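In what follows, a single structure is set out as structure tokens and then discussed.
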Amino acid sequence: MPRLGSNNRTMKLRLTLAIAFAALLLAAGGAVASGRWSPWAHDYVQGVDVSHHQGAIDWRALAQDGVRFAYIKATEGGDHVDTRFAMNWRDAQNAGVAHGAYHFFTLCRSADAQAANFIANVPNDPAMLPPAVDLEHMGPCRENAAITDVAAEARRFLDLVQLHYGVRPILYVTREFHDAHLADFRGECFWVRSLYSRPDFRQQDWVIWQHHNRGSKRGVTGPIDLNAFRGDEAAFAAFANPHQTNPQTGT
């Protein structure tokens, strides 16, 4: 049998390595698509965010699947309340999942109206995670005129909610909304959306990273958003007790 020349041996080695690398990528891609794993995020404390879109949730099963915390949609705009907020809030607490509430901020109502809606529907519970405001709505507005100074209204919402709960809210942002309205914000804690890859903005300021929007977790039928808290268990314990520590400084 003739011996392979050096060029043929090199080509065979390259082909073998290419096949092995392709198999690794396929396995990783399947894991990411299934929502069971996201690269770079798995070393952090894991959490989810939920709303009525998830339907009924088995919170004990969710907790047993590695979920340490959850942000639960409470309100939107000036008058909407998520239909499952009260149930999710109660059941998360009963299951021992650290939980906080978030408000979906629209450009169609004043900060005062939106803060009033949130405050009226979210208990002032000292054991809850810092409140959060979801800043991603880019318009348009179907009924009311859009607010003109988005940054000022966002700051006003933060101030009003902080005044009531005694804790500064964190800001959930998409890159689009951030660059359009919040690029000049300083001294705030951010929850950034960056699917499947490390955040490439607010790199020094993000506290929570939404790394998957179609994850899979026990206790939930259908896709769920997956999040990672930036820090170890000790850092998370400080974050989860905002009335004992400042979530921005950890002191």
Side-chain angles (χ1 to χ4, degrees), residues 32-33 35 37-51 53-54 66-76 98-107 111 114 118 128-139 150-155 157-159 161-162 167-215 217 223-233 235-236 238-240 242 245-250:
V32 170
W37 177 80
S38 285
W40 312 289
H42 62 283
D43 289 333
Y44 295 131
V45 178
Q46 298 300 303
V48 298
D49 61 269
V50 303
S51 70
H53 291 294
Q54 277 66 51
V67 172
R68 295 278 286 103
F69 70 94
Y71 269 95
I72 301 168
K73 182 176 182 181
T75 50
E76 178 175 332
H99 53 288
Y102 78 87
H103 172 81
F104 187 90
F105 190 91
T106 79
L107 306 187
Q114 297 193 61
F118 185 80
M128 72 182 187
L129 300 177
V133 53
D134 182 334
L135 295 160
E136 62 178 294
H137 179 237
M138 300 294 290
V150 176
E153 290 294 303
R155 284 194 177 95
F157 180 91
L158 296 175
D159 291 344
V161 172
Q162 180 181 10
V167 179
R168 189 72 170 174
I170 63 174
L171 290 75
Y172 171 93
V173 293
T174 60
R175 183 62 184 264
E176 181 184 21
F177 192 99
H178 171 271
D179 290 355
H181 302 295
L182 307 177
D184 293 333
F185 271 39
R186 297 291 180 269
E188 305 291 355
C189 290
F190 285 84
W191 169 8
V192 299
R193 173 186 167 100
S194 181
L195 302 181
Y196 316 127
S197 62
R198 286 181 180 274
D200 61 359
F201 68 108
R202 289 290 173 177
Q203 293 177 339
Q204 303 303 316
D205 301 324
W206 70 264
V207 176
I208 298 175
W209 165 23
Q210 185 187 94
H211 57 87
H212 208 308
N213 66 337
R214 295 190 63 81
K217 285 291 182 183
I224 188 171
D225 293 340
L226 304 182
N227 299 278
F229 172 80
R230 187 180 196 170
D232 57 15
E233 286 289 342
F236 178 73
F239 175 80
T245 59
N246 184 327
Q248 292 177 307
T249 65

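Keep in mind that what you see is a predicted model, and the values were worked out from it rather than measured.
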Shortest non-hydrogen pair, Y71 vs P131, comes out as CE2-C, 4.5 Å
Rounded to the nearest 0.5 Å, how far does CZ of R202 lie from CG of L171?
8.5 Å
Point-to-point distance, once rounded to the nearest 0.5 Å, from CZ of R168 to CD of Q162
5.0 Å
Using 0.5 Å steps for rounding, measure from the CE atom of M138 to the CZ atom of F177.
7.0 Å
Do R175 and D200 have side chains that get closer than 4.5 Å, going by heavy atoms?
yes
Working to the nearest 0.5 Å, report the span between CE of M128 and NE2 of H99.
8.5 Å
Let me see the working for L226 and V48 under side-chain contact (heavy atoms from CB on, under 4.5 Å), right down to the final yes or no.
CA-CA 5 Å; L226 304 182; V48 298; 4.0 Å; yes
Atom of C189, atom of V207 and distance for their closest heavy-atom approach
CB-CG2, 3.7 Å
Pairing residues for E76 by the salt bridge (Lys or Arg N to Asp or Glu O under 4.0 Å) criterion, not counting sequence neighbours:
K73
Run the side-chain contact (heavy atoms from CB on, under 4.5 Å) check on F157 and H103 step by step: do they pass?
CA-CA 10 Å; F157 180 91; H103 172 81; 3.7 Å; yes
Between I224 and D49, the two heavy atoms sitting closest are CG1-O, 4.0 Å
When every non-hydrogen atom of D184 is compared with those of R155, the smallest separation belongs to O-NH2, 4.1 Å
Between the main-chain N or O of L107 and the side-chain N or O of H137, is there a donor-acceptor pair closer than 3.5 Å?
yes
Under the rule for ring pair (Phe, Tyr, Trp, His ring centres under 6.0 Å), what residues qualify as partners of F185, not counting sequence neighbours?
none
Heavy-atom closest pair, residues P223 and Q54:
O-NE2, 3.2 Å
Please find the pair of heavy atoms, one from G47 and one from V67, that lie closest to each other, and give the distance.
CA-CG1, 4.3 Å
In sequence, state the C-alpha distance, the side-chain angles, and the governing distance for E188 and L182, and then conclude on side-chain contact (heavy atoms from CB on, under 4.5 Å).
CA-CA 10 Å; E188 305 291 355; L182 307 177; over 6 Å; no
Using the ring of each side chain (for Trp, its six-membered ring), is F201 parallel, tilted or perpendicular to H178, with breaks at 30° and 60°?
tilted
Rounded to the nearest 0.5 Å, what separates atom CD in Q46 from atom NE2 in H211?
4.5 Å
Students often mix this up, so state it plainly: with edges at 30° and 60°, are the rings of W209 and W206 parallel, tilted or perpendicular?
perpendicular
For Y102, the ring pair (Phe, Tyr, Trp, His ring centres under 6.0 Å) test, sequence neighbours excluded, returns none
Approximate separation, where rounding is to 0.5 Å, of I170 CD1 and D205 CG:
12.5 Å
side-chain contact (heavy atoms from CB on, under 4.5 Å), that's the test. Do V133 and V161 meet it? Break it down for me.
CA-CA 10 Å; V133 53; V161 172; over 6 Å; no
